[in-house]
Amino acid sequence: MEYQAAPVQLSTADANFEHDFAQRLHWSADTDAAIEQRVADILTDVRERGDAAVLEYTARFDGLQAEGMVALELTQDELKAAYDGLGQAQREALTAAAQRVRTYHEAQKRASGESWSYRDEDGTLLGQKVTPLDRVGIYVPGGKAAYPSSVLMNAIPAHVAGVQEIIMVVPTPRGEKNALVLAAAYVAGVTRGFTIGGAQAVAALAYGTATIPKVDKITGPGNAYVASAKKRVFGTVGIDMIAGPSEILVLADGSTPPEWVAMDLFSQAEHDELAQSILLCPDADYIAAVQREIDRLLPEMPRQAIIAKSLSDRGALILTRDMQEACAISNRIAPEHLEVSSSDPHRWEPLLRHAGAIFLGAYTSESLGDYCAGPNHVLPTSGTARFSSPLGVYDFQKRSSLIEVSEAGAQTLGRIASVLAHGEGLQGHARAAEMRLK
């Protein structure tokens, strides 16, 4: 069967551009009401019945029958055996990717994750103490595909941050375990792992069961049930973000081979039908060349049906007046992945304010960031890059303020606090400060 990928072609000079542009960007994050209710029921059941409920849902949804939770726990020996059993090429690639991710996040920790303090002239100490979370849960998708890269991107920054316990959950439908996922868990320093998934896995991590320990935060992507469950348990535990469909935006000046850009658009479109791939370019001939490459390359792709629907329903090739306008539109979109496919990417980078990750230059394909460049591939989607950031070491740390007021400092600060406390009608606050005055 032949598929046609026909991303809409727009021009910023068209009178209807704003309307057509908004229609193409629209995506509803609302979860189906039936899913919401089912998730609520699962969370309540796991909270009340613990392991027994997890076992029932794992049997029902994953077709994985187990007499007890011990059969669903991955041992460290099993993780190591998976690593040792990989072919040399896979083992070396996994190790190299993990080292690059670790090196990047260690640099991130040095730059922003250290405690600090200073003293006033009167001897008062003020500062900030940075400490890691005690225990985190990472959700690794399974089922349709296996994602060892998700293990690296979630577990390694937690490990670098100093988290002592990293609990991995990964669904293994019908008991099919992916060796590369287990090996990645071994390389990344996962403490314990369980072959469970879905809303029941999120509930087990959030509330704890007799077997699965309660965590402080849950990170990692999943399907609609997982996303809904994460939203519902937020507050009981922390979460990283609610991820929407994957996105790529390519800013091109026409200097990159068009087949490279076409394949970069494919690289996100192949995730699922709701993924979004957009090209912004001031060269109409180049846009036409990219469309020709889309048509030529699509039949070669194993996931061509998904790519075709994604590009046709949500893709766009947009002609802009110039690269400056392309940058301005990019900031409005705030994409998850932003490629600056230009002969001089550093000319445009200062104009780009909102993106999950920025890939500079023709040789920097987004796929390198997904697997092995080093920065995290867990990125804000659906325009949330306007106010949120990639997953990082800072997501697995918390900050406590340090205050040590000297006797001399209490004389100054106490009077200030007393005035303000009386103004708020909080006499207990005021008197606590006043008692320390000479």
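All residue numbers in this chain count up from 1 along the given sequence. Just so you know, these numbers come straight off a predicted model, no measurement behind them.
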S.K.: Verify the neighbour count for atom OH of Tyr371: are there more than 12 heavy atoms of other residues, nucleotides or ligands below 6.0 Å?
M.R.: no

S.K.: I want to check something: taking the side chain as every heavy atom from C-beta on, are Leu319 and Cys281 in contact at a cut-off of under 4.5 Å?
M.R.: no

S.K.: Is the shortest heavy-atom distance from the side chain of Tyr3 to the side chain of Lys309 under 4.5 Å?
M.R.: no

S.K.: Could you check whether Glu165 and Thr191, counting side-chain N and O atoms only, form a donor-acceptor pair closer than 3.5 Å?
M.R.: no

S.K.: With a 3.5 Å distance limit and no angle check, can you tell me whether Ser388 reaches the backbone of Thr384 through a side-chain donor-acceptor pair?
M.R.: yes

S.K.: Does the side chain of Tyr139 pick up a donor-acceptor pair with the side chain of Ser150 at under 3.5 Å?
M.R.: no

S.K.: Does Ala155 offer a backbone N or O that forms a donor-acceptor pair with the side chain of His159 under 3.5 Å?
M.R.: no

S.K.: Would you kindly say whether Gln268 and Gln276 are connected by a side-chain donor-acceptor distance under 3.5 Å?
M.R.: no

S.K.: Could you check whether any side-chain heavy atom of Lys214 comes within less than 4.5 Å of a side-chain heavy atom of Thr236, counting everything from C-beta outward?
M.R.: yes

S.K.: Should Thr219 and Ile239 count as side-chain neighbours, where that means a heavy-atom distance under 4.5 Å?
M.R.: no

S.K.: Gln76 side chain to Val190 main-chain N or O, any donor-acceptor pair under 3.5 Å?
M.R.: yes

S.K.: Do side-chain atoms of Thr320 reach the backbone of Glu325 as a donor and acceptor pair under 3.5 angstrom?
M.R.: no

S.K.: Hey, does the side chain of Thr58 reach the backbone of Val54 with a donor-acceptor pair shorter than 3.5 angstrom?
M.R.: yes

S.K.: Check the pair Glu336, Ser246 against side chain to side chain donor-acceptor pair (under 3.5 Å), reporting the backbone distance first and the verdict last.
M.R.: CA-CA 7 Å; Glu336 179 187 17; Ser246 190; 3.2 Å; yes

S.K.: Hey, is the main chain of Pro375 close enough, under 3.5 Å, to the side chain of Gln108 for a donor-acceptor pair?
M.R.: no

S.K.: If you count every heavy atom of other residues, nucleotides or ligands that lies below 6.0 Å from His429 atom NE2, does the total exceed 12?
M.R.: no

S.K.: Taking atom CZ of Arg192 and atom CG of Leu74, what is their separation to the nearest 0.5 Å?
M.R.: 11.0 Å

S.K.: For a quick test of reading the model, state the closest non-hydrogen atom pair linking Ala421 to Ala430 and the distance between them.
M.R.: CB-N, 3.6 Å

S.K.: What distance separates Tyr225 OH from Phe61 CZ, expressed to the nearest 0.5 Å?
M.R.: 7.0 Å

S.K.: When you check the side-chain N and O atoms of Tyr57 and Asp45, is any donor under 3.5 Å from an acceptor?
M.R.: yes

S.K.: Between Ala362 and Thr256, which heavy-atom pair has the shortest distance, and what is it?
M.R.: CB-OG1, 3.5 Å

S.K.: Flag the pair Asn376 / Pro157 as yes when at least one side-chain heavy-atom distance between them is below 4.5 Å, and no otherwise.
M.R.: yes

S.K.: Does the Glu247 side chain pair with the main chain of Ser382, one donor and one acceptor, at a distance under 3.5 Å?
M.R.: yes

S.K.: Using side-chain contact (heavy atoms from CB on, under 4.5 Å), reason through Val163 and Arg135 one step at a time and then give a plain yes or no.
M.R.: CA-CA 6 Å; Val163 176; Arg135 184 187 294 127; 5.6 Å; no

S.K.: Taking all atoms of both residues into account, what is the closest heavy-atom pair of Arg102 and Ala188, and its distance?
M.R.: NH2-O, 3.8 Å

S.K.: Using atom types as modelled and distance alone, determine if a side-chain donor or acceptor of Ser312 lies under 3.5 Å from a backbone N or O of Ala6.
M.R.: yes

S.K.: Indicate yes or no: does Asp240 engage Lys230 in a salt bridge with an N to O separation below 4.0 Å.
M.R.: yes

S.K.: Under the side chain to side chain donor-acceptor pair (under 3.5 Å) rule, what do Ser389 and Tyr394 come out as? Steps first, then yes or no, please.
M.R.: CA-CA 10 Å; Ser389 308; Tyr394 37 74; 4.9 Å; no

S.K.: Are side-chain N/O atoms of Gln99 and Thr103 paired as donor and acceptor at under 3.5 Å?
M.R.: yes

S.K.: Evaluate whether atom CD of Gln88 has more than 12 neighbouring non-hydrogen atoms of other residues, nucleotides or ligands under 6.0 angstrom away.
M.R.: no

S.K.: Within a strict 4.5 Å, meaning less than it, do heavy atoms of the Lys177 and Glu78 side chains meet?
M.R.: yes

S.K.: Would you give the length of the straight line joining atom CG of Leu351 to atom OG of Ser330, rounded to the nearest 0.5 angstrom?
M.R.: 10.0 Å

S.K.: Hey, are the side chains of Ile333 and Ile329 touching, using non-hydrogen atoms and a 4.5 Å cut-off?
M.R.: yes

S.K.: Looking only at non-hydrogen atoms, find the nearest pair between Asp272 and Ser310 and report the distance.
M.R.: O-CB, 3.7 Å

S.K.: Counting only heavy atoms not in Phe387 (residues, nucleotides, ligands), do more than 12 fall under 6.0 Å from its CZ?
M.R.: yes

S.K.: Salt-bridge test for Arg314 and Glu273: reply yes if a basic N is under 4.0 Å from a carboxylate O, no otherwise.
M.R.: no

S.K.: I'd like to know if the side chain of Ser277 reaches the main chain of Leu265, judged simply by a donor and an acceptor atom lying under 3.5 Å from each other, with no hydrogens or angles considered.
M.R.: yes

S.K.: Starting from the C-alpha separation in whole Å, work towards a yes-or-no answer on side-chain contact (heavy atoms from CB on, under 4.5 Å) for Glu114 and Lys109.
M.R.: CA-CA 7 Å; Glu114 303 297 332; Lys109 181 182 178 184; 4.0 Å; yes

S.K.: Measure the spacing between CG of Asn154 and CE of Met168 and express it to the nearest 0.5 Å.
M.R.: 11.0 Å

S.K.: Before accepting this row, confirm whether a basic side-chain N of the pair Asp395/Lys217 lies closer than 4.0 Å to the acidic partner's carboxylate O.
M.R.: yes

S.K.: Does the side-chain contact (heavy atoms from CB on, under 4.5 Å) test come out yes or no for Leu10 and Leu317, once each step is laid out?
M.R.: CA-CA 6 Å; Leu10 305 175; Leu317 309 179; over 6 Å; no

S.K.: Check whether more than 12 heavy atoms from other residues, nucleotides or ligands sit under 6.0 Å from atom CZ of Arg431, and answer yes or no.
M.R.: no

S.K.: Would you say the side-chain atoms of Asp62 pair up with the backbone N or O of Leu64, donor to acceptor, closer than 3.5 Å?
M.R.: no

S.K.: Looking only at heavy atoms, what is the nearest atom pair of Ser149 and Asp370, with distance?
M.R.: CB-O, 3.8 Å

S.K.: So Val340 and Phe359, side-chain contact (heavy atoms from CB on, under 4.5 Å) or not? Walk me through it.
M.R.: CA-CA 6 Å; Val340 187; Phe359 301 79; over 6 Å; no

S.K.: CD of Glu339 to CG of Asp264: how many Å apart, nearest 0.5 Å?
M.R.: 4.0 Å

S.K.: Is it true that the side chains of Thr211 and Asp51 contain a donor and an acceptor less than 3.5 Å apart?
M.R.: yes

S.K.: Going by an N to O cut-off under 4.0 Å, is there a salt bridge joining Arg232 and Glu36?
M.R.: yes

S.K.: Could you list the donor-acceptor pairs under 3.5 angstrom formed by side chains in residues 125-132, with sequence neighbours left out?
M.R.:
| from | atom 1 | to | atom 2 | distance (Å) |
| --- | --- | --- | --- | --- |
| Thr131 | OG1 | Lys398 | NZ | 3.0 |

S.K.: Do Arg24 and Asp20 come close enough that some side-chain heavy atom pair is under 4.5 Å?
M.R.: no

S.K.: Look up atom CD1 in Ile318 and atom CD1 in Ile278, then write down how far apart they are to the nearest 0.5 Å.
M.R.: 5.5 Å

S.K.: Do you know which two heavy atoms are closest between Ile242 and Lys231, and how far apart they sit?
M.R.: CD1-CG, 3.2 Å

